[in-house]
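Remarks on the structure that follows.
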Amino acid sequence: VGAPAHGTRLRSRGWLEHRPQRGPMTRLELKIPPPAVALAFGIGMWLVAGLLPRMDLPLAVRVVLAIALALIGQGISISGMVAFRKARTTINPVDPTKASSLVARGIFRTTRNPMYVGLTLTLLGWAAYLASPVAVVLVAFFVLYITRFQIVPEERVLQAKFGQQYDNYRKTVRRWI
């Protein structure tokens with residue numbers, strides 16, 4: 001099973017799954033490790049929050065929200081990493097071709113991408129600490145970026161490697177939550 005022909009869809013689940021085989025945007029696929037992308041977005045959120053008005057939230061509320069979201073997010077991410085280690089498959093997000101097994105146990109029964117859900121929750125915690133509505137919008141752009149340039153390309157690789165097994169998994173477990 002190879003990549004789809006130019007302009008075709010993989011079992012359509014939305015506009016992000018459509019991808020021509022060539023083009024300038026495909027160069028970003030699977031190139032930047034998601035934690036680095038999250039760090040870049042986090043820095044951008046901090047810069048934007050310093051330039052624009054913030055919500056009037058007490059520091060204690062911001063800190064509690066930030067810590068809670070970050071702890072939940074990191075817990076979800078770590079549980080995904082542990083499941084990968086137990087399955088003895090790669091955790092390297094820039095080379096999903098090295099996946100040796102399809103992990104569908106543990107946290108992977110709830111989400112197909114727990115590490116990305118965890119990064120997103122961590123960024124939401126950062127946005128809460130910054131008390132910046134614009135920072136929350138940047139988290140949404142992080143989700144769009146990760147979906148387009150990381151998750152969709154990973155899904156193509158997993159489909160090619162695991163075929164019907166991946167199809168069945170994809171039908172029962174959501175991409176995000």
ILVMFWY cluster, Met115 and Val157 together (side-chain gap under 4.5 Å) | no
Kindly write out the residues that satisfy side chain to side chain donor-acceptor pair (under 3.5 Å) with Thr120, not counting sequence neighbours, or none if the list is empty.
-> none
Quick one: side chains of residues 104-111, donor-acceptor pairs under 3.5 Å with protein atoms, not counting sequence neighbours, listed by atom name and distance.
{"unit_1": "Arg109", "atom_1": "NE", "unit_2": "Gly106", "atom_2": "O", "d": "3.3"}
{"unit_1": "Thr111", "atom_1": "OG1", "unit_2": "Asn113", "atom_2": "N", "d": "3.1"}
{"unit_1": "Thr111", "atom_1": "OG1", "unit_2": "Arg175", "atom_2": "O", "d": "3.4"}
{"unit_1": "Thr111", "atom_1": "OG1", "unit_2": "Trp176", "atom_2": "O", "d": "2.3"}

Between side-chain atoms of residues 62-69 and protein atoms elsewhere (two or more places apart, or another chain), which donor-acceptor pairs fall under 3.5 Å?
{"unit_1": "Arg62", "atom_1": "NE", "unit_2": "Tyr129", "atom_2": "O", "d": "2.6"}
{"unit_1": "Arg62", "atom_1": "NH2", "unit_2": "Tyr129", "atom_2": "O", "d": "3.0"}

Close side-chain approach of Thr90 to Ser100, heavy-atom, < 4.5 Å | no
Any salt bridge (charged side-chain N to carboxylate O under 4.0 Å, His left out) involving residues 75-94? Give me the pairs, sequence neighbours left out, ordered by first then second residue.
-> none
Are Arg170 and Arg112 close enough that some pair of their side-chain heavy atoms sits under 4.5 Å apart?
-> yes
Can you measure from CG (Asp167) to CG (Leu158) and round to the nearest 0.5 angstrom?
-> 11.0 Å
Which pairs, with at least one residue in residues 93-102 and sequence neighbours excluded, count as a salt bridge (charged side-chain N to carboxylate O under 4.0 Å, His left out)?
-> Asp95-Lys98
Please check if any side-chain donor atom of Glu154 sits under 3.5 Å from a side-chain acceptor atom of Tyr116, or the reverse.
-> yes
Side chain to side chain donor-acceptor pair (under 3.5 Å) against Gln165, all qualifying residues, sequence neighbours excluded = none
Considering all heavy atoms of both residues, which atom of Pro114 and which atom of Gly80 are nearest to each other, and what is their separation?
-> CG-CA, 3.8 Å
Are Phe162 and Phe84 co-members of a hydrophobic cluster defined by side-chain heavy atoms under 4.5 Å apart?
-> yes
Sequence-distant partners of Asn92, side chain to side chain donor-acceptor pair (under 3.5 Å), two or more places apart | none
Result block: side-chain N/O donor-acceptor pairs under 3.5 angstrom for residues 35-52, not counting sequence neighbours:
none

Would you say Ile177 has more than 12 foreign heavy atoms packed within less than 6.0 Å of its CD1?
-> no
Decide whether Ile91 and Val94 are clustered together by the hydrophobic rule: side chain heavy atoms of Ile, Leu, Val, Met, Phe, Trp, Tyr closer than 4.5 Å, transitively.
-> no
So the side chain to side chain donor-acceptor pair (under 3.5 Å) pairs with at least one residue in residues 74-83 (sequence neighbours excluded) are Gln74-Thr122
If you link ILVMFWY side chains whenever their heavy atoms are less than 4.5 Å apart, which other residues fall into the same cluster as Met55? By chain and number, please.
-> Leu57
Provide the closest heavy-atom pair for Thr89 versus Ala99 in the form atom of the first, atom of the second, distance.
-> OG1-CA, 3.3 Å
Identify, with sequence neighbours excluded, every residue that meets ring-ring contact (aromatic ring centres under 6.0 Å, His included) alongside Phe149.
-> Tyr145
Evaluation steps, side chain to side chain contact (heavy atoms under 4.5 Å, CB included), between Phe142 and Leu119 | CA-CA 9 Å; Phe142 169 79; Leu119 287 172; 4.0 Å; yes
Would you check if Glu29 and Gln150 make a side-chain contact, meaning some heavy-atom pair closer than 4.5 Å?
-> no
ILVMFWY network linking Met25 to Leu30, side-chain heavy atoms under 4.5 angstrom = no
What distance do Arg156 atom CZ and Lys161 atom NZ have between them, rounded to the nearest 0.5 Å?
-> 15.5 Å
What residue pairs, at least two apart or across chains, pass salt bridge (charged side-chain N to carboxylate O under 4.0 Å, His left out) with a residue in residues 30-59?
-> none
